[in-house]
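Every heavy atom of this structure was used, including side-chain atoms; hydrogens, water molecules and symmetry mates were not. The sequence lines fix the lettering, A, B, ..., with proteins before strands; numbering per chain opens at 1.
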Amino acid sequence: MRKSITMIKHTITELIRQAIRAAQGQGDLSSFTLPKIPLEHPKQAEHGDYATPICLQLANLARMAPIELANVVVKYLPETNYLSEIEIAHPGYINFTLDDAWLAQQVETILAAREDYGNIDIGYGKKVQVEYGSANPTGPLHVGFGRNLVLGDSLANVLEAAGYDVQREYYVNDTGSQMRLFNETLYARYAQALGQAAEIPEGGYPGQYVVEWSQEIAEEEGAKYLNMPHSEAVTAIGKMGLAKVVDCIKGDVELLGVHYDHWYSEQSLYDDGYFAKIMAILRQAGHVAEREGAVWFTATESGGDKDEVIVRSDGEPGYFASDIAYHYNKFVERGFDWVIDVWGADHQGHVPRMKAMMRALGLDPERLTLIIYQLVTLKRGGEVVRLSKRTGDIITLREVIEDVGPDAVRFFLLARAADSQMDFDLDLAVEQSAENPVYYVQYGHARIASILGYSKERVPDFSGGDVSLLRHPAELALIRQMLLLPEVVEQAAENLAPHHLTYYAQDLAAAFHSFYKECRVVSSDPADSELNKARLKLVSAAKIVLAKTLRLMGMTAPERM
RNA sequence: GCCCCUGUAGCUCAAUUGGAGAGAGCGUCUGACUUCGAAUCAGCAGGCUGCAGGUUCGAGUCCUGCCAGGGGCGCCA
């Protein structure tokens with residue numbers, strides 16, 4: 001059973017709310033409705049662990065100077081065991097400092113929570129689907145797609161920790177014109193492999209991998225498809241090709257530690273009747289129009305920026321037809337409360353139509369979130385690498401992972417906000433992978449494992465350790481960092497911004513390394529034996545928090561490196 | 001031409017969503033291994049947050065106009 005702990009941040013926020021209400025009840029404050037109470041971490045340590053600027057915000061509403069208001073609020077704040085100091089600072093901040101003894105005690109809380117530490121309850125078990133990756137199944141994954149995978153996968157981890165019921169899905173675009181081109185290419189390569197003269201089609205896929213797959217098919221199946229009607233042969237070979245591509249992609253994502261709950265076939269939307277269903281719904285509601293021989297979704301009437309073709313004049317449904325059916329399936333058939341799609345910036349123009357589609361289907365557009373991340377620019381030694389589909393010159397995710405390592409790739413791709421453009425310099429990535437901050441974090445974890453190993457003979461049992469002995473500034477600083485994990489999870493979940501984890505991970509590791517330098521954990525001095533036990537508890541807790549943070553980012557927590 | 005994203009230290013990026021002297025990593029420079037891992041620690045230097053206005057008690061963050069970069073504006077996905 002999944003557990004979660006109450007965040008001290010929320011406890012303090014609630015304390016402030018109660019104080020203001022109490023002051024209003026006693027007539028010391030005029031009555032007004034309370035906004036959300038902001039509580040932040042002051043940048044300077046002398047301002048305490050938490051601070052609220054609420055009195056600055058309420059000054060107008062309360063018709064009082066901020067500093068007077070702060071005085072009133074503080075008067076109504078009850079005594080607690082977790083705050084050692086509450087002070088009012090100019091021009092009206094209230095600063096809170098956590099109590100040292102209370103802090104030390106939190107080590108026990110973390111040890112008891114184990115891998116559940118960091119889990120919070122803001123999702124209330126809401127069913128959410130995160131759809132990410134979803135590259136066209138026409139070849140191995142390209143490096144740039146790594147950002148999509150890492151972003152989506154880490155976000156899914158975070159939402160899970162935040163208490164959502166998360167499903168991870170890969171949408172396999174196994175139909176449409178790109179797929180047909182791929183199949184035609186595959187067939188041409190197959191014919192070539194059997195010594196026939198064949199040209200790959202205009203706009204086809206010239207990559208070497210297609211040649212290899214066709215070769216395999218030729219070896220496995222022989223020449224029988226050469227004697228079939230062309231379209232029949234292409235369909236049959238395409239089916240085998242698709243299986244190979246999907247296997248290839250599954251292998252690629254596996255290398256990054258990405259595991260999907262579900263691979264959803266676009267073709268199945270047509271086979272299972274969802275497309276027919278949504279067409280009937282849209283027609284009945286008057287959201288389609290026929291013009292120029294095509295069937296259009298009149299998005300402009302549902303708040304979209306322009307109309308979109310559903311069925312092309314050649315009778316084939318377009319990609320948007322699938323998108324409508326797919327999302328209808330997600331919300332109505334599969335019952336997701338919330339769907340998050342992770343898309344590259346090259347699809348941003350499509351967002352307003354998706355929202356219009358939601359309205360047309362009678363669904364709340366808020367239930368669909370499109371995360372748009374900026375595309376990765378590939379560089380090699382400072383020069384932009386232009387990828388050419390025409391020449392088949394692509395750089396695969398797999399080769400970069402093999403050069404740099406999965407953890408370093410994940411950390412690098414995760415460490416920026418989705419809105420931030422980023423360059424991926426292949427030469428630099430290999431050169432600098434040894435300096436990747438992920439190793440700094442993992443080293444912290446391995447170091448603790450090493451300490452615990454070292455202590456086994458000298459301090460076989462530290463379960464009776466008294467954490468109240470933890471009073472050293474470096475010890476308390478480490479505990480303070482550990483206490484932030486639930487807040488980071490909350491922040492990352494609320495803003496759909498898993499990149500916060502990478503910064504937190506470094507701060508946490510820094511607090512540990514600093515503590516390690518300052519405080520001897522396993523000392524040979526018998527006078528320190530009780531302190532040793534307390535510190536072994538502290539580092540055990542730190543190991544839990546580091547491991548959890550790494551896991552949320554989809555990285556390994558090594559015992560040694 | 002219109003729409004979306006971005007512009008912060010030499011480089012790559014953060015900044016709790018409008019809060020207190022704008023912070024990290026890399027790089028530079030100075031120190032620290034004779035007991036638990038130096039893949040580490042302690043410290044120095046580095047800024048007119050692209051430019052100009054505006055809103056606000058308070059702006060890197062919001063508004064307007066410029067400048068620069070990326071992406072989009074297909075019966076491709």
Extract from the structure each pairing of a protein N or O with an N or O of nucleotides 10-13 of chain B at less than 3.5 Å, listing the distance.
from   : atom 1 : to        : atom 2 : distance (Å)
U12(B) : O2'    : Arg416(A) : NH1    : 2.7
U12(B) : O2'    : Arg416(A) : NH2    : 3.3
C13(B) : OP1    : Gln421(A) : O      : 3.0
C13(B) : O5'    : Arg416(A) : NH1    : 3.2
C13(B) : O2'    : Tyr503(A) : OH     : 2.3

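Here the nucleotide nearest the side chain of Ala51(A), chosen from A39(B), C75(B), A20(B), is A20(B). Which of A77(B), A20(B), G19(B) sits closest to the side chain of Pro53(A) comes down to G19(B). Residue Ser313(A) has its side chain nearest to C75(B) when only C75(B), U17(B), C41(B) are considered. In this structure, of A77(B), G19(B), G70(B), it is G70(B) that holds the atom nearest to the side chain of Gln374(A). For Lys43(A), counting side-chain heavy atoms from C-beta on, the closest listed nucleotide (C41(B), U17(B), U16(B)) is U16(B). In the set G71(B), A20(B), A24(B), the nucleotide with an atom closest to the side chain of Gln506(A) is A24(B).
Distance check on atom P: C4(B) versus C66(B) gives 14 Å, rounded to whole Å. Comparing A59(B) with G27(B), their C1' atoms sit 31 Å apart, to the nearest whole Å. Look at the P atom in both G43(B) and G25(B): the space between them is 11 Å, to the nearest Å.
Rounded to whole angstrom, the span from the CG atom of Leu56(A) across to the C1' atom of G18(B) amounts to 11 Å. Separating the CG atom of Leu58(A) from the C1' atom of C57(B) is a distance of 14 Å, rounded to the nearest angstrom. Residue Asp346(A) contributes atom CG, which lies 13 Å from atom C1' of C5(B) at whole-angstrom precision. Taking atom CD1 on Ile54(A) and atom P on G58(B), their separation rounds to 19 Å, with Å as the unit. Rounded to whole angstrom, the span from the CZ atom of Phe320(A) across to the P atom of G74(B) amounts to 15 Å. Straight-line distance from the CD atom of Glu40(A) to the P atom of U17(B): 7 Å, rounded to whole Å.
When both pairing distances are held under 3.5 Å, A45(B) makes no Watson-Crick or G-U pair with any nucleotide shown.
Both stacking criteria are satisfied for His47(A) over the base of A20(B): a centre-to-centre distance under 5.5 angstrom and an angle between ring planes under 30 degrees.
Contact annotation for Glu266(A): no contact, since no heavy-atom pair falls under 4.0 Å across all strands.
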- Message: For a quick check, with a 4.0 angstrom heavy-atom cut-off, what is the B/S/- contact string for nucleotides 33-38 of chain B, read 5' to 3'?
- Response: --BBBS

